[in-house]
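I have placed the structure first, in the form of C-alpha cells, so that the comments after it can refer back to it.
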Amino acid sequence: MDQELSKLLNQEQYQAVCHFQGPLLVLAGAGSGKTRIVTYRIARLMREGVSPSAILALTFTNKAAHEMLERVRKLTNSYVSITTFHSIGAKILRESIAHLGYNPDFTIYDADDAEKLIRTCLDTLNLKNKDYSPRAFAGMISNAKNQMQSFDEVDSSGDSPVEQVFPQVYRLYQTRLKECNAVDFDDLLYLTTKLFQDHPQVLEQYQDRWQFLHIDEYQDTNHAQYIMAKLLVAKSGNIFVVGDPDQSIYSWRGANIRNILDFQKDYPGAKLVRLEQNYRSRSNILDAANSLIVHNRNRLEKRLWSDRGQGEKISVYIGEDERMEADFVVNQICQQKENSTISFNEMVIFYRTNFQSRAFEDALLRRGIPYQIIGGVSFYQRREIKDILGFIRLAYSGSDLISFLRTVNIPKRGIGAATLDKICLEADIQKKNVMEFCTALVNQETILPNARLGLKQREGLKNFVELIRELRVVAASGSVRELVVEAIRLSGYLGYLKDDKESYEERKENLDELISKAAEWELTTEEPTLQAFLEELSLKADANANQQGDDKVNLMTLHNGKGLEFDVAFLVGMEEDLFPHANCRGSYEAIEEERRLCYVGMTRAKEVLYLTAAQSRFLWGTFRYMRPSRFLTEIPKEYLQNVRYHHRVQKFT
C-alpha cells in the first residue's frame, strides 16, 4: 500500500498519512486535499492492523461526514465511526446519560422547543418585560454551554437587566429540561463533556473504545469540543487534527482559534505537517492571498503554492458608486460567459453582509441573468422588506388585502385570524375596501356582525388605521425615500425586530438598504412615482422567483463560501466599514478575522479573481464617501491590475 500511496500523494501528504501514533497537526492550506489525508490515514491504520471500531473521526457537518465515510468505504470496504461532534455526543449520552440522572430515552429539543421552554421559565419567574426575549436567553445559554459554564458559573454582574437575571433563567431552564427528560442541541456537547469530567470510569470506557481520534476543521472547534477531545485522547495520546488557522472565521459561533494555535503546547511532542501545495488556484491568486494573510500575527507560518501556472493578475475595479460597481461585475460575468466555456454556476459574487446583495440582484435582473442566493433569501423576498413594502402598498391602495393581512398585527394588536376573516367578509359585503371598512369600524360608523372587538383589539385597529392615514399624507407630499423612512419609524418596526436580538442588526441593515434603494431609484428614474416604485419591486421579486434552469450565478456571503470553489470569483464592497466591517473598529483580533475572511474568499477562485469597491454609496440609509479597504493596499501591486469600465447608462425597467 505504501508504494501505491507514494504515487497518489505528495511528500507532505504521504508523511501525514503514514503517521501512526501520537499527536499530529496537519496544517492544511486551502485546496490542499485535507479530506483525502484523513481518509487515507484511516485506511492505512486499518492496513496496519488497527480495528475499524477503534477509530473515530469527527467533523462539523453531516455532508462532510458522509463524504468522508463514503471515501473510507471505497478504500477499505469497512465501516468506521465518522460523524459530527453533536452526533457522537448523542450516541454517548444514549449509552451513558443515566450517570447524570437522565433516562436514556431522552428527547432532543430543537431551537423552537428550547425557546418555548424558556418562555415558560420567564413566566414562572414573572419576567414578562418585552426586553426579556426567549431567543436572546437561548443564545446566552448556548454560549455558556459551549464555554462549559454551568448556571452557577455565569456572571450576573452585568449592567443590563437581562444579564442580571440570566443565571436564574439558565438554572430554571436546565432544571425544567431535566424534569422533561430532555436535552437541547448544546447539551449534546456540554453534558457529554460533563459526563467525562465527573465520571472517570465512564470516560475510560470510551478512551478504550476509540484509541485513534481524527478531527477535521480543528480551527472551528469551540471550548466544549476542545475539552471533549482532550479527555478522549488523554490515555492514548493518538489525536490527528487537520485545520488551518488562516481559515478561522467563526468566532461569532464560539470557535476559538487558540485551540489550533496552541495544539503543540497542549500536546507536547506533537508533530506538525504543512500541506502547502494547492490544487485549486492559479499561482498569482495564491501569491496575493499569501501576501495578505502575513499581516496577521495570530497564525502558523504557511505559504500556499501551485503548479497550475501563473494565471491572470487579479482585476481591481473601483466604481463611482455601488450601481457602477454592480454593473461592472455583471458586465464581466457576461464577458466571461461569452469568451470562455465558464458557465454561470461556476461564478460567484461574494459580499461581507447580506444587504449588499440588493445592488447585484438589481443589475443581474436588468440584464436577464439568472442567479441564486446561497444560504439566504433574495433581497426582495426577505421578511422585513416585504413587511415595510406591505405598509407602503396599503398606504397607496386601501384595497390591498394581502398587505393588510400581512401588516395589521405588526406589532401584535391581538386581532385573531377569525376576526380578520370577518372584517374581510363584511368589507366585501358593504362594497368597501378593507381600509375604508376598518376606518368606519373604529369610528363606530359601522359594526362587525356576529363579532365584538375587545378594547385592546379596537385600540390596536384604531392605531393601525391612523398609521396608514399618516403614511398616505407622507405619500402625497414627500419622496419615496421619505415614505420608506416614515413607514419604518411610524410602524415602530425596529422595536418589533428587537424581539429577535440575533437577527436584529442584519434585518436593520436590510431596511437601511431599502431606504438606499428608494434614494437611488429617485435619482435614476425620470418619473419617480410611488406607483412606478412599487411596480418595479414587484416585477423584480417575480422575475427572480420565476427564473428557470440550473445554470445560475451564485451570490453569497463570504462566510457561506467556506469549503467551496469557483472558476471566477468577485469579492465586492472592498471598502472600510464594509470589509472590514464597521463592528471591527478598535479590535485587532476582529480585524485579523476579517482578513482571514478575505483570504478565504480569495482562495475560492480557481482561474479568475476580481476585487471591487465603490467611491461612494448609499449606506445605512444615507449617502457616504467610502475609503478603499486596507486589504486592497496590503496586496502587492505586482499581483493586481487596475481595470476601467465605460459605464453605459441604463434605465430601470
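Just the heavy atoms: all of them, side chains too, but no hydrogens, waters or symmetry mates, feed the values below. Along the sequence shown, residues carry numbers from 1. All of these numbers come straight from a predicted model, not from anything done at the bench.
Checked by atom type and distance alone, the side chain of S629 never pairs as donor or acceptor with a backbone atom of E576 at under 3.5 Å. Under the 3.5 Å distance criterion, the side-chain polar atoms of R303 are left unmatched by any main-chain donor or acceptor of N290. The main-chain N or O of C584 is never found under 3.5 Å from a side-chain atom of S587 such that the two would form a donor-acceptor pair. Counting only distance, with no hydrogens or angles, the side chain of N259 and the backbone of T221 share a donor-acceptor pair below 3.5 Å. The backbone N or O of D244 lies less than 3.5 Å from no partner atom in the side chain of S248, so there is not a single donor-acceptor pair. The backbone N or O of A30 sits less than 3.5 Å from a side-chain atom of N278, completing a donor-acceptor pair. One N or O on the side chain of T84 and one on the backbone of S87 form a donor-acceptor pair closer than 3.5 Å.
Minimum heavy-atom separation, I88 to L56: CD1-CD1, 3.8 Å.
Other residues, nucleotides and ligands contribute more than 12 heavy atoms inside 6.0 Å of the CZ atom of R209. Within a 6.0 Å sphere centred on CG of D307, heavy atoms belonging to other residues, nucleotides or ligands number more than 12. Within a 6.0 Å sphere centred on CD of E48, other residues, nucleotides and ligands contribute more than 12 heavy atoms. Within a 6.0 Å radius of CD in Q335, other residues, nucleotides and ligands contribute more than 12 heavy atoms. Other residues, nucleotides and ligands place no more than 12 heavy atoms under 6.0 Å from the CG atom of N77. Atom NZ of K562 has more than 12 neighbouring heavy atoms from other residues, nucleotides or ligands inside a 6.0 Å radius. Environment of NZ in K63: sparse, with no more than 12 heavy atoms of neighbouring residues, nucleotides or ligands closer than 6.0 Å. Heavy-atom contacts from other residues, nucleotides or ligands closer than 6.0 Å to OH of Y504 number more than 12.
Of the residues T612, L609, I349, the one that meets the side-chain contact (heavy atoms from CB on, under 4.5 Å) test with L571 is L609.
Salt-bridge check for K302 with E276: failed, with every basic side-chain N at 4.0 Å or more from each acidic carboxylate O. A salt bridge between E607 and R308 is present, with a side-chain N of the basic residue lying under 4.0 Å from a carboxylate O of the acidic one. For the pair E594 and R352, the salt-bridge criterion is met [side-chain N within less than 4.0 Å of a carboxylate O]. Contact check on R366 versus D327 returns a salt bridge, with a Lys/Arg side-chain nitrogen under 4.0 Å from an Asp/Glu carboxylate oxygen. Salt bridge annotation for E509-R358: absent, with no cationic side-chain nitrogen under 4.0 angstrom from a carboxylate oxygen. Using a 4.0 Å cut-off between a side-chain N of Lys or Arg and a carboxylate O of Asp or Glu, K313 and E638 do not qualify as a salt bridge. Here R585 pairs with D577 in a salt bridge; the nearest charged N to carboxylate O distance falls below 4.0 Å. R624 and D321 are not joined by a salt bridge, as no carboxylate oxygen comes within less than 4.0 angstrom of a charged side-chain nitrogen. Taking 4.0 Å as the cut-off between side-chain N and carboxylate O, E592 and R299 do not count as a salt-bridged pair.
V242 is not listed as a side-chain neighbour of I215, based on a closest heavy-atom distance of 4.5 Å or more. Counting heavy atoms from C-beta on, the side chains of R71 and Y40 never come closer than 4.5 Å.
Relative ring orientation between Y610 and F328 is described as perpendicular, the plane-to-plane angle rising above 60° on a 0-90° scale split at 30° and 60°. In this structure, Y250 and H559 have tilted ring planes: the angle between them lies in the 30° to 60° band. Using bins of under 30°, 30° to 60° and over 60° for the plane-to-plane angle, the ring pair Y218/F263 lands in the perpendicular bin. Ring orientation note: the planes of H214 and F240 are tilted relative to one another, at an angle of 30° to 60°.
Taking the ring centroids of F60 and F85, they lie under the 6.0 Å cut-off. Proximity of the aromatic rings of F212 and F20 is defined here by a centroid distance below 6.0 angstrom, and this criterion is met.
Expressed to the nearest 0.5 Å, how far CE of M574 lies from SG of C598 amounts to 4.0 Å.
Judged purely by distance below 3.5 Å, without hydrogens or angles, the side chains of Q15 and Q13 never pair a donor atom with an acceptor atom.
The side-chain tip of K606 does not point at the ring of Y279 from less than 6.0 angstrom away and within 45° of straight on. For R297 and Y588, the positive end sits near the middle of the six-membered ring, less than 6.0 Å away and at most 45° from its axis.
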